[in-house]
Novice: 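Questions regarding the structure given below will be posed in turn.
None of these values were measured; they are calculated from a predicted model.
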Amino acid sequence: QVQVVESGGREVQPGGSLRLSCTASGYDLRSKCVGWFRQAPGKPRERVARIYTGDTGAGITWHADSVKARFTITTDNAKKTVYLQMSALTPEDTALYYCAVSRAGGTWSDLARCSKESAQFDYWGQGTQVTVSS
């Protein structure tokens, strides 16, 4: 059974930075679509960023306009980990951050599906809380 685990969330002051990590036990994240989402209390879940990890290299990434230039999704294939580097955090970034992973991968069609806002994911973590507060 694939278990997705997020880590790195904590309380941070406005303007601060955090790096969230996503791993999947017993599952290779190479050539997969991996996404970061967030949900604040009383608000719908929001897509934050996606990456198609590929076998090597930095992968192909997409970021929501609301976080572009502040957040960066990256992959470390050797460590089988996907990161979300967040900077210039504001209280509006306070949320439970989730990582999600696709089952399919390795084909151009899978890459194309990952590139779309409608990209679907099969495995989800329990989330890690990020709180931005002074």
Side-chain angles (χ1 to χ4, degrees):
Q1 185 174 351
V2 178
Q3 185 176 9
V4 177
V5 178
E6 306 95 337
S7 62
R10 61 177 175 86
E11 185 169 351
V12 63
Q13 291 189 339
S17 298
L18 277 179
R19 188 178 75 166
L20 306 183
S21 300
C22 172
T23 60
S25 61
Y27 198 66
D28 193 341
L29 291 182
R30 291 176 296 179
S31 293
K32 294 294 188 292
C33 188
V34 181
W36 282 100
F37 298 76
R38 66 184 181 184
Q39 188 165 21
K43 294 187 177 182
R45 189 171 63 195
E46 178 187 8
R47 293 175 180 263
V48 175
R50 301 184 304 286
I51 185 168
Y52 188 80
T53 55
D55 284 333
T56 61
I60 302 172
T61 64
W62 301 269
H63 296 81
D65 288 342
S66 60
V67 304
K68 204 170 287 184
R70 297 190 302 123
F71 292 10
T72 303
I73 188 171
T74 60
T75 183
D76 184 332
N77 284 334
K79 295 183 179 180
K80 299 180 181 180
T81 303
V82 170
Y83 302 101
L84 184 68
Q85 179 69 48
M86 306 186 295
S87 61
L89 287 163
T90 73
E92 288 68 38
D93 296 314
T94 295
L96 189 62
Y97 283 72
Y98 297 91
C99 178
V101 181
S102 68
R103 181 186 300 120
T107 70
W108 287 110
S109 294
D110 296 321
L111 170 57
R113 277 190 288 269
C114 191
S115 71
K116 299 183 187 302
E117 285 292 315
S118 58
Q120 298 297 304
F121 298 88
D122 303 288
Y123 307 112
W124 292 78
Q126 295 297 307
T128 185
Q129 179 66 39
V130 173
T131 302
V132 185
S133 173
S134 56

Novice: Would you check if the distance from the ring center of Phe71 to the ring center of Trp36 is below 6.0 Å?
Specialist: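 No; Trp36 has its ring centre 6.0 Å or more from that of Phe71.
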Novice: Under the rule for side-chain hydrogen bond (donor to acceptor under 3.5 Å, both in side chains), what residues qualify as partners of Arg30, not counting sequence neighbours?
Specialist: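 Only Asp28 meet the side-chain hydrogen bond (donor to acceptor under 3.5 Å, both in side chains) criterion with Arg30.
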Novice: Less than 4.5 Å apart, any side-chain heavy atom of Thr75 and any of Val34?
Specialist: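 The answer is no, as the side chains (C-beta and beyond) never meet within the 4.5 Å cut-off.
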Novice: Test: disulfide bond (SG atoms under 2.5 Å apart). Region: residues 69-134. Which pairs qualify, not counting sequence neighbours?
Specialist: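 Only Cys22-Cys99, Cys33-Cys114 qualify under disulfide bond (SG atoms under 2.5 Å apart).
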Novice: Measuring from atom OG1 of Thr72 to atom CG of Leu84, what distance do you get when rounded to the nearest 0.5 angstrom?
Specialist: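 Here the interatomic distance stands at 8.0 Å.
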Novice: If you measure from CG on Leu20 to CD on Gln85, what distance do you get to the nearest 0.5 Å?
Specialist: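 Atom-to-atom, Leu20:CG and Gln85:CD are 8.5 Å apart.
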Novice: Among all residues two or more places apart in sequence or in another chain, which pass the salt bridge (charged side-chain N to carboxylate O under 4.0 Å, His left out) test with Arg47?
Specialist: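 Residues passing salt bridge (charged side-chain N to carboxylate O under 4.0 Å, His left out) with Arg47: none at all.
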Novice: Restricting to side-chain contact (heavy atoms from CB on, under 4.5 Å), what partner residues turn up for Glu11, sequence neighbours left out?
Specialist: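 Thr131, Ser133.
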Novice: Which residues pass the side-chain contact (heavy atoms from CB on, under 4.5 Å) test with Leu18, sequence neighbours left out?
Specialist: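 For Leu18 the side-chain contact (heavy atoms from CB on, under 4.5 Å) partners, ignoring immediate neighbours, are Arg10, Val12, Met86, Leu89, Val130.
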Novice: Look up atom CG in Leu111 and atom NZ in Lys32, then write down how far apart they are to the nearest 0.5 Å.
Specialist: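 So the gap between those two atoms works out to 13.0 Å.
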Novice: Any side-chain heavy atom of Val132 within less than 4.5 Å of one from Pro91?
Specialist: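 Yes - at least one pair of side-chain heavy atoms lies under 4.5 Å apart.
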Novice: Restricting to pairs with a member in residues 115-134, which pass salt bridge (Lys or Arg N to Asp or Glu O under 4.0 Å), not counting sequence neighbours?
Specialist: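 Listed by first then second residue: Arg50-Glu117, Arg103-Asp122.
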Novice: Kindly compute the distance separating CZ (Arg45) from CZ (Arg38), expressed to the nearest 0.5 Å.
Specialist: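 One finds 13.5 Å between CZ of Arg45 and CZ of Arg38.
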Novice: Could you walk me through whether Ile73 and His63 pass side chain to side chain contact (heavy atoms under 4.5 Å, CB included), step by step?
Specialist: CA-CA 8 Å; Ile73 188 171; His63 296 81; 3.4 Å; yes
Novice: The criterion is side-chain hydrogen bond (donor to acceptor under 3.5 Å, both in side chains); which residues satisfy it with Asp76, sequence neighbours excluded?
Specialist: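 Partners of Asp76 under the side-chain hydrogen bond (donor to acceptor under 3.5 Å, both in side chains) test: none.
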Novice: Report yes if the side chains of Ser31 and Asp55 come closer than 4.5 Å at any heavy-atom pair, otherwise no.
Specialist: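 Yes; the side chains approach each other to less than 4.5 Å.
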Novice: In chain order, what residues pass the ring pair (Phe, Tyr, Trp, His ring centres under 6.0 Å) check against Tyr52, with sequence neighbours excluded?
Specialist: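 If we apply the ring pair (Phe, Tyr, Trp, His ring centres under 6.0 Å) test to Tyr52, skipping adjacent residues, there are no hits.
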Novice: For residues 59-69, pull every pair meeting salt bridge (Lys or Arg N to Asp or Glu O under 4.0 Å), keeping only residues two or more places apart or in separate chains.
Specialist: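 Checked against salt bridge (Lys or Arg N to Asp or Glu O under 4.0 Å) - neighbours excluded - the pairs reaching residues 59-69 are Asp65-Lys68.
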Novice: How close do Ser115 and Ala112 get, heavy atom to heavy atom, and via which atoms?
Specialist: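 The pair with the smallest heavy-atom distance is OG-O, 2.5 Å.
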Novice: Output all residues satisfying side-chain contact (heavy atoms from CB on, under 4.5 Å) with Ala24, sequence neighbours left out; order by chain, then residue number.
Specialist: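 side-chain contact (heavy atoms from CB on, under 4.5 Å) list for Ala24, sorted by chain: Val2, Val4, Tyr27, Leu29.
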Novice: Strictly distance-based, threshold 3.5 Å: is any side-chain N or O of Gln3 a donor or acceptor partner for the main-chain N or O of Gln1?
Specialist: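 No, Gln3 side chain to Gln1 backbone: no donor-acceptor pair under 3.5 Å.
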Novice: Closest approach of Ser21 and Thr81, non-hydrogen atoms and distance?
Specialist: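 Closest approach of Ser21 to Thr81: CB-CG2, 4.1 Å.
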Novice: Excluding sequence neighbours, so at least two apart, what forms ring pair (Phe, Tyr, Trp, His ring centres under 6.0 Å) with Tyr83?
Specialist: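 If we apply the ring pair (Phe, Tyr, Trp, His ring centres under 6.0 Å) test to Tyr83, skipping adjacent residues, there are no hits.
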Novice: Could you measure the distance from the OG atom of Ser66 to the CD atom of Glu92? Nearest 0.5 Å is fine.
Specialist: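 That separation rounds to 11.0 Å.
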Novice: With rounding to the nearest 0.5 angstrom, report the CZ to CG distance, Arg70 to Asp93.
Specialist: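 Rounded to the nearest 0.5 Å, the CZ-CG separation comes out at 4.0 Å.
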Novice: If you link ILVMFWY side chains whenever their heavy atoms are less than 4.5 Å apart, which other residues fall into the same cluster as Val5? By chain and number, please.
Specialist: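 Same cluster as Val5: nobody, lone residue.
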Novice: Quick one: are Tyr97 and Glu6 in side-chain contact, heavy atoms under 4.5 Å?
Specialist: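 Side-chain contact under 4.5 Å: no.
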